[in-house]
Amino acid sequence: MNVRRAGNRSFEPYAVGPAAASAPRVADMFGVGPQRLFSDAEEGIVYQPGFIPADIAARWFEALRTGIRWESQRRPMYDRVVDVPRLTASWWLDDPALPEALAEAAALLRPALGHPFNAVGLNFYRDGRDSVALHNDKLHSLVPGHPIALLSLGSQRRMTIRAKPPARHVQRIDLAPGSLLVMSHASQHTHEHGVAKTTEAVGERISLAFRVRPSTR
DNA sequence: GTCTCCCAATTCAA
DNA sequence: CTTGAATTGGGAGA
């Protein structure tokens, strides 16, 4: 069996390149507020750039990219085994070993959104080859009525949001560092979301997905 | 145990 | 050029 290894994917100390040295964001220059992408009986789907100050977002990004144990998964694909195209990690928020950056983010998000987030899942997109297919969050792993809060750190990546059939209306939204995307629990019934691969030169991105999960303990 | 659904990369068609 | 469908197989959950 032909097995492609992950070894050729570099994971070097973060180099501040042209993308990181970025021009001011439109949100910063013009005070763009929350952008509603979809409405439902709950929060719908709302994108809010500049939710976290840039310096704090940068600090969290660096602390997480180097400070936690990222997991690499593999799965069969036809006659070979391939890497899941991203790195992952997750915590219950009451874990004594919760990284400080995640504790800070949770402490900020819980009162700001008014939802009792108790878990966080992280995805590390190393470059444009990393991705996640269109999907919706597993409803059995969420408590109804509470949204998913997706905090973006590092490089900007483009998210695709697609309504489920028959509408299949597609929206694309660039998730800037420090931005927050809130997706209602209800929207997981009606929409899929994903991050497509891109041939554009993009740097590393980390997403933090805060959820209210049914406690298994 | 059995069934259904998901999702990984590539190829092909529109 | 972009987008979506189809494809196999192992794992997870009901």
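Every value quoted in this text rests on a predicted model; they were computed, and no experiment measured them. Below, chain A is the first sequence line, B the second, and so on; all start at residue 1.
For A:Lys138 and C:dA14, the shortest distance from a side-chain N or O to OP1 or OP2 is not below 4.0 Å. Distances shown here put every side-chain N or O of A:Arg80 at or beyond 4.0 Å from the OP1 or OP2 atom of B:dA8. Listed pair A:Arg168 / C:dT3 fails the phosphate criterion, with no side-chain N or O lying under 4.0 Å from OP1 or OP2.
Residues satisfying the side chain to side chain donor-acceptor pair (under 3.5 Å) test with A:His135, not counting sequence neighbours, are A:His193. Not counting sequence neighbours, the partners of A:Arg162 by the salt bridge (charged side-chain N to carboxylate O under 4.0 Å, His left out) test are A:Glu192. Under the rule for a ring pair (Phe, Tyr, Trp, His ring centres under 6.0 Å), the partners of A:Phe38 that lie at least two apart in sequence or sit in another chain are A:His191. Contacts of A:Ser141 classified as side chain to side chain donor-acceptor pair (under 3.5 Å), with partners at least two apart in sequence or in another chain: none.
Here A:Leu139 lies out of heavy-atom contact (under 4.0 Å) with every strand.
Atom pair A:Arg213:CZ and C:dG13:C1' shows a separation of 13 Å (rounding to whole Å applied). Here C:dG13 presents its C1' atom at 16 Å from CG of A:Asp137, a figure rounded to the nearest Å. B:dC7 atom C1' lies 12 Å from atom CD of A:Gln73, rounded to whole Å. Taking atom CZ of residue A:Arg74 and atom C1' of nucleotide B:dA9, one finds them 14 Å apart after rounding to whole Å. Rounded to whole Å, the distance from CG on A:Leu134 to P on B:dC5 is 18 Å.
Taking a cutoff of 4.0 Å between a charged side-chain nitrogen and a carboxylate oxygen, A:Glu104 and A:Arg59 qualify as a salt bridge.
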Item to check | Pairing string, 5' to 3', for DNA chain B - Watson-Crick or wobble contacts under 3.5 Å, brackets [ ] where pairs cross, | to another strand | outcome: .|||||||||||||
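Under a 3.5 Å cut-off, the side chain of A:Glu43 and the backbone N or O of A:Val182 do not form any donor-acceptor pair. With hydrogens and angles disregarded, no donor-acceptor distance shorter than 3.5 Å links the side chain of A:Arg205 to the backbone of A:Ala176. Side-chain N or O atoms of A:Asn123 include none that pairs as donor or acceptor with a backbone N or O of A:Ser207 at under 3.5 Å.
A heavy-atom distance below 4.5 Å is found between the side chains of A:Arg211 and A:Ile148.
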Distances for protein N or O near nucleotides 6-12 of chain C N or O, under 3.5 Å:
unit_1: C:dT7; atom_1: N1; unit_2: A:Tyr78; atom_2: OH; d: 2.8
unit_1: C:dT7; atom_1: O2; unit_2: A:Tyr78; atom_2: OH; d: 2.1

